[in-house]
Amino acid sequence: MGENLEIAPKGYLSLYGITSTAVLKEAIEMIGGDVNYYIPNRFTDGYGPNTAIFEKLISEGTELILTCDNGVSGHEAISRANELGIDVIVTDHHELQSTLPDAYAIIHPKHPKGHYPFKDLAGVGVAFKLATALLGEIPLEMLDLVAIGTVADLVSLTGENRALVKQGLVILKESQRMGLMALCKVASIKQNEADEETIGFILAPRLNAVGRLGDAAPAVELLTTFDDEEAVKLAEMVNKKNSERQAIVTEITAEALKMIDLEDSNQGIYVLAKKGWHEGVLGIVASKVVAKTGKPAIILTIDQEKGYAKGSGRSIAAYHLYKGLEDTDYLITKFGGHQMAAGLTLPIENITAMRTELNAFLQQKIGTDKLEETFFVDEKLHIEEVTVKAIEELQKMAPFGTDNPKPTFLFEQVQVQEIKRIGSEKTHLKLKLFEGSSALDVIGFHLGELAENIGAQAQVSVIGKLTINEWNGLRKPQLMLDDLIVKGTQLFDLRSTKIATSIWQLPMADYIFFNEKNYKEYQGNVPENACSYLITNLKDSEQLTMRSSKLVLVDCPDQLDLLSELLKNSQPSNIYVSFFNQESVYLEGMPSRTQFSQVFKYIATHKNIDIRHKIKLLSGHLKLKENTVIFIINVFFEADFVTIQDGIMNSVPNVKKIELTETKVYQKRLGKFAAEEALIYSRFAELESWIKSQLNKE
């Protein structure tokens, strides 16, 4: 086709897509073509060929229209171009509909009349093939753009795509494109170390952010400019747009997830719509909802004035989103995409019906019970096997991506320590795994919430991808966390001399008080959607039924039996221990026989002792703590060794011999002593062992 395509030296060519546009713009200029490009504004033009835009471009002198990364569904616009005597060449890779537009040519790896051996080219890959045909040779210098576009398009990284990206990364690391060099600098990355993850997580999001928030043309200018100053200016603008995009995504994602919690938690596929959501980021929001819920999601913004909703969907491997939309096309004005992603427009009044139909399609094809995200583990490892050299060997299988995923490894029942939430908003997770004498650092992006369910020194099983973390010249293995499993009840140690403020930030929890004074003072701090209870006797413990899976033990019981009975009847997933205690019996200790004898002798030799007003003087004289003296007097009173009337104490003559340690007062203090020793002053491992031994105890 390249031999038959005549490029008018003073004509115009209108192109779509960012990296595809950049590739074909450069290729056509290299053969002498006079080329202009037009990137559709998703907010005013939509996602595919637009009749009004075609008419405008043709009226301005365009002699040939070439679409990039779209066009196979542009029947109306292409027909209008034909009426006006202008040919349209379509280059695309999206799913083909049963009827193709009447274009001069359609270049598509899956064209029904074609025999191209590799069917999964990205849009930029198709553009690169056309550029190769036009130039009569392979333009290797364009492979940096091909690598960026292919990785960003999330197409299969196998076969020809793998070769294009692998070679493209070599070019990218040494690329002299001023725009790419400037973008790498503002993004604080080393261009000579760029890989597929650099593209997927840093470069592509920044380039896409421009079009998501407005006109995407500056992104093309950045990739093709020869002006150093303009490159720096454009790179800074692109970086700023990406920051704006991130803030908008965070806000909308939070609203969408809240909507799910309140309304749609039982859906197999989420269809969420709201007025005012920024149309340009809805695909990213859909991806985040899928990541959070494990279910397909379609996120729509509502335009009340025009009467339609517009947005994007993302899916999971088990659900073919495009076929689902195809099944409900009678409700949709326009849609396009593939198995994992799609864009669509539909009347507002059809949203509910489409949600119902898509869920019915899902239920019919695969069933909601098969929607859970499945992680495939390549190998089970021990931490001692993880070395920098081993990870370098794995890197030889790169570039990784769709259909060639980075190997996933399982570490089973290893100890976890140093659990932290990190990042400016504490959204990420950092921890360290231990197995014997070996340790492994772990980072879990956007998994910060998991920290709330991992007890100190818990045994966990984790899966993730291995990377090399380099800092100040030191290279060490690191695991990028995908998921983890924590078995059994998790214990969180919040013991302190004061009640930690974080304890009052646990919604949907059961708060247990053993001290009435504390209950009255702190009950108001308990979250509204949590429950609080006062336990003062065994009957209270026996009758308590937990309403949540979180148990918060605010203060210390006077007797271990109260907590033991409570735990026996509970099945919490998380236990938060505070055991706040204002007066410590354990620190004061149990009085010795000598101390009992000392107090007894004093009472026996003194009459009318005013213990109401002069207990401090008495304690000072005996050189004993005030609380100790009060306790001993209470033991004597129960044993009938003394009488107390109106605060005046006297000894009782001819007392009956009795074992003071058997008195209720003594036994109660002994019980409190044991409770404090076991719950407050024990090592965490000892406390955890005791608590878990009491759970579900027969």
Side-chain angles (χ1 to χ4, degrees), residues 1-40 49 53-71 74 77-78 81-82 84-93 103-108 116 121-149 164 167-168 171-172 174-181 216-228 230-231 234:
M1 195 197 94
E3 296 176 358
N4 298 323
L5 177 64
E6 296 182 3
I7 304 298
K10 295 183 180 181
Y12 294 85
L13 290 141
S14 300
L15 309 175
Y16 289 76
I18 294 177
T19 51
S20 304
T21 297
V23 165
L24 285 174
K25 176 179 181 294
E26 291 184 354
I28 293 170
E29 287 176 340
M30 289 171 69
I31 58 175
D34 188 359
V35 58
N36 186 20
Y37 65 87
Y38 183 86
I39 305 290
I53 296 301
F54 272 24
E55 290 176 342
K56 179 177 181 296
L57 294 171
I58 291 170
S59 70
E60 293 173 349
T62 295
E63 299 173 357
L64 175 66
I65 295 176
L66 175 60
T67 73
C68 301
D69 205 3
N70 79 92
I78 293 172
N82 291 337
L84 296 174
I86 298 300
D87 290 331
V88 178
I89 296 174
V90 172
T91 71
D92 203 350
H93 78 119
Y104 176 81
I106 296 177
I107 305 172
H108 195 295
Y116 196 74
L121 286 173
V124 70
V126 178
F128 181 71
K129 289 296 174 178
L130 177 56
T132 301
L134 292 173
L135 297 170
E137 61 181 11
I138 299 175
L140 297 176
E141 69 278 7
M142 297 182 188
L143 282 173
D144 52 358
L145 299 179
V146 177
I148 293 172
L164 290 171
Q167 295 303 315
I171 303 299
L172 174 60
E174 302 175 353
S175 177
Q176 295 301 304
R177 288 184 187 274
M178 294 179 178
L180 279 180
M181 294 169 68
V220 178
E221 290 297 322
L222 176 65
L223 294 176
T224 58
T225 185
F226 291 98
D227 186 321
D228 190 30
E230 183 185 32
L234 287 170

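All values derive from a computational prediction rather than experimental measurement. The residues of the chain are indexed from 1 along the displayed sequence.
Remark: the backbone N or O of Glu174 is paired with a side-chain donor or acceptor of Gln176 at under 3.5 angstrom. A donor-acceptor contact shorter than 3.5 Å links the side chain of Ser59 to the backbone of Lys56.
Separation of atoms CD (Glu137) and CE (Met30) is listed at 7.0 Å; rounding is to 0.5 Å. Separation of atoms CD1 (Ile65) and CD1 (Ile53) is listed at 10.5 Å; rounding is to 0.5 Å. Distance CZ/Arg177 to CG/Leu222: 10.5 Å, rounded to 0.5 Å. With values rounded to the nearest 0.5 angstrom, Leu121 atom CG is found 9.5 Å from His93 atom NE2. Ile106 contributes atom CD1, which lies 9.0 Å from atom CG of Asp92 (distance to the nearest 0.5 angstrom). Annotation: the span from Thr62 atom OG1 to Asp87 atom CG amounts to 12.5 Å, rounded to 0.5 Å.
In this structure, Pro139 and Thr132 approach most closely via the heavy-atom pair CD-OG1, 3.4 Å. The two residues Leu145 and Ala22 make their nearest non-hydrogen contact at CD1-CB, 3.7 Å. Residues Ile39 and Ala216 come closest through the heavy atom pair CG2-CB, 3.4 Å. For the pair Ala122 and Gly149, the tightest heavy-atom approach, listed with the atom from each and the gap, is CB-O, 4.4 Å. Residues Val35 and Glu29 share a closest heavy-atom pair of CG1-CG, 3.3 Å. Between Pro49 and Gly74, the closest heavy-atom pair is CG-CA, 3.9 Å.
With Val90 as the partner, the side-chain contact (heavy atoms from CB on, under 4.5 Å) test is satisfied by one option alone out of Ile107, Ile78, Asn70, Leu66: Ile78.
Heavy atoms of other residues, nucleotides or ligands lying less than 6.0 angstrom from CD1 of Ile138 number 12 at most.
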| task | Go through the steps for Thr224 and Glu26 under the test side-chain contact (heavy atoms from CB on, under 4.5 Å), then give the verdict. | result | CA-CA 8 Å; Thr224 58; Glu26 291 184 354; 3.9 Å; yes
| field | Test side-chain contact (heavy atoms from CB on, under 4.5 Å) applied to Ile18 and Ile148, step by step | value | CA-CA 10 Å; Ile18 294 177; Ile148 293 172; over 6 Å; no
| said: Does Thr19 form a side-chain contact (heavy atoms from CB on, under 4.5 Å) with Val146? I'd like the steps, not just the answer. | reply: CA-CA 7 Å; Thr19 51; Val146 177; over 6 Å; no
| message | Between Val124 and Phe128, does the side-chain contact (heavy atoms from CB on, under 4.5 Å) criterion hold? Intermediate values first, please. | response | CA-CA 6 Å; Val124 70; Phe128 181 71; 5.6 Å; no
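Remark: the Lys129 side chain and the Tyr116 side chain contain an N/O donor-acceptor pair separated by less than 3.5 Å. Using modelled atom types and a 3.5 Å distance limit, the side chains of Asp69 and Ser20 yield no donor-acceptor pair.
The shortest distance between side-chain heavy atoms of Val88 and Phe54 falls below 4.5 Å.
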